[in-house]
Amino acid sequence: YTNGTEWRLYRDGSPDFEPVVFSGGPLDKAGRDLSAPASFEALVSRFLGWSPVPITSIGALVRAIAPLTRLLRGEVLDQLASENQAMGSGASKASQPFHGLAADWRALLFPSADDATFADGYAQTVTFALLLARTRKVDFAGKSLHDIGDMLASRYSLMGKALQLLTDPVAKDFVTLNVLTRVIEAVDWPRIKSRKGDAYLHLYEDFLEEYDNELRKQSGTYYTPRVVVDSMVRLVDEALKLLGHDEGFGSPMVTVIDPAMGTGTYLESVLLRIGAAAAAADGPGAASSAVADAARRLYGFEIQMGP
């Protein structure tokens, strides 16, 4: 941060270097008469030489990406305001990239989304698309966001294309996108997963608490412990059998709907139970087809983009 005469470097919200003050002119006004002390070079070198440290835990991951996602959300809102001002001065809508993205967002996904909702969805989608790419061991080195989207789309076409559509028009202008990509590149997902096997299930609630705790409360985003989920699924499976569906969740007459699925914990537990039941009845080879068949009868709804 600088006003032209005083320079300060912060990392993770804390000072990371002694303040540097230029001399030779009024302290409230930058000008050609100012001169920099020797410590200025060290401060700039420290700033430009930054490199993210490896991220090996859920806590470290959340602390690293939540503030950057929040910053990206703010930048999108600023850009939308700037584009609205430009259009008010006569600029064409076609030349305003975020105005077009927000319009498409409303047309295709959320018709009632205001600018703040779009900015939030944009920031979360980009963050979790990049994180998904890292969990799939996509190498970010030397690659553009478009290239990362291509590699992600080979297995997750929706998220890969979303990353490209949301970043292609603006990638060169948004510094936060570059920083976010560098930070997520440092994520060591195998180590995170080895520490916490159900890392996916914890990640979003922890992220949302750090990113925007009020949004977490409004959206009711709270993690249900896996042991509770599995117990509830088992009890419903038994109830279905008592009601005449001998295969429980595996019955072709049973459809499962989760109206607020989050990261899909309940639906995953249902599929695991169906697969285990099929394997027990007909051997391990039967599990795959039973799960594939049941997946056609599972529906999940979620309004948050991150999960």
Side-chain angles (χ1 to χ4, degrees), residues 55 57-62 65-66 69 109 120-121 124-125 127-136 152 155-156 158-159 162 184 187 189-241 245 247-251 254-280 287-307:
I55 296 173
S57 70
I58 287 290
L61 175 59
V62 166
I65 65 173
T69 308
L109 295 172
D120 173 65
Q124 288 199 50
T125 301
T127 294
F128 282 93
L130 288 169
L131 188 57
L132 179 61
R134 284 301 295 144
T135 68
R136 296 296 99 195
L152 182 59
R155 184 167 179 183
Y156 298 96
L158 175 63
M159 290 301 283
I184 293 179
V187 172
W189 187 254
R191 285 191 64 183
I192 292 176
K193 202 161 185 291
S194 69
R195 286 183 166 190
K196 196 183 254 325
D198 56 352
Y200 279 114
L201 309 183
H202 291 274
L203 174 59
Y204 189 67
E205 183 184 346
D206 291 353
F207 164 83
L208 200 56
E209 184 174 11
E210 182 77 19
Y211 167 72
D212 190 335
N213 197 37
E214 190 57 37
L215 179 61
R216 181 178 79 112
K217 294 175 182 177
Q218 291 174 1
S219 61
T221 305
Y222 294 95
Y223 168 71
T224 306
R226 188 56 189 252
V227 64
V228 175
V229 172
D230 290 342
S231 295
M232 292 174 70
V233 168
R234 175 180 54 80
L235 289 170
V236 173
D237 191 58
E238 292 175 358
L240 287 168
K241 293 174 181 176
H245 300 288
E247 299 172 83
F249 281 115
S251 168
V254 173
T255 296
V256 181
I257 301 175
D258 188 339
M261 66 180 283
T263 49
T265 319
Y266 281 91
L267 299 182
E268 180 192 37
S269 182
V270 167
L271 289 176
L272 288 171
R273 187 165 186 85
I274 290 170
S288 179
S289 60
V291 167
D293 181 64
R296 300 186 183 95
R297 297 181 278 103
L298 266 60
Y299 299 87
F301 297 87
E302 176 56 46
I303 61 171
Q304 293 283 359
M305 294 304 297

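For the single chain, residues carry numbers from 1 onward in sequence order. As a basis for the values below, the full set of heavy atoms in this structure was taken, side chains included, without hydrogen atoms, waters or symmetry mates. What you see is a predicted model; the values in this text were computed from it and never measured.
- Summarising the geometry of Met159 relative to Phe128, their closest heavy-atom pair is CE-C, 4.2 Å, with the distance given to 0.1 Å.
- Atom-to-atom distance recorded for Thr69:OG1 and Ile184:CD1 is 7.0 Å, nearest 0.5 angstrom.
- The side-chain heavy atoms of Tyr211 and Thr127, taken from C-beta on, include no pair separated by under 4.5 Å.
- Between Val256 and Tyr266, the closest side-chain pair of non-hydrogen atoms is not below 4.5 Å.
- Considering all non-hydrogen atoms of both residues, Tyr299 and Leu267 come closest at O-CD1, 4.0 Å.
- Note that CD1 of Ile257 is 12.0 Å distant from CZ of Arg297, once rounded to the nearest 0.5 Å.
- Between the side chain of Ser251 and the backbone N or O of Glu247, no donor-acceptor pair lies under 3.5 Å.
- For Thr125 against Gly121, the heavy-atom pair with the smallest separation is OG1-O, 2.6 Å.
- Rounding to the nearest 0.5 Å places CD1 of Ile65 at 9.5 Å from CD of Gln124.
- Closest of all the heavy-atom pairs between Ala294 and Ile274 is CB-CD1, 3.4 Å.
- Proximity of a side-chain donor or acceptor of Asp237 to a complementary backbone N or O of Phe249 within less than 3.5 Å is detected.
- Here the CZ atom belonging to Arg136 is positioned 7.0 Å from the CG atom belonging to Leu132, to the nearest 0.5 angstrom.
- The two residues Trp189 and Arg134 have their closest heavy-atom pair at CB-O, 4.4 Å.
- The side-chain heavy atoms of Leu203 and Ile192, taken from C-beta on, include no pair separated by under 4.5 Å.
- Side-chain contact check for Phe207 versus Leu61: every heavy-atom pair is 4.5 Å or farther apart.
- Ser269 pairs by the side chain to side chain donor-acceptor pair (under 3.5 Å) definition with Asp230, not counting sequence neighbours.
- No side-chain heavy atom of Thr224 sits under 4.5 Å from any side-chain heavy atom of Thr265.
- Residues Arg226 and Glu268 share a closest heavy-atom pair of NH1-OE1, 2.9 Å.
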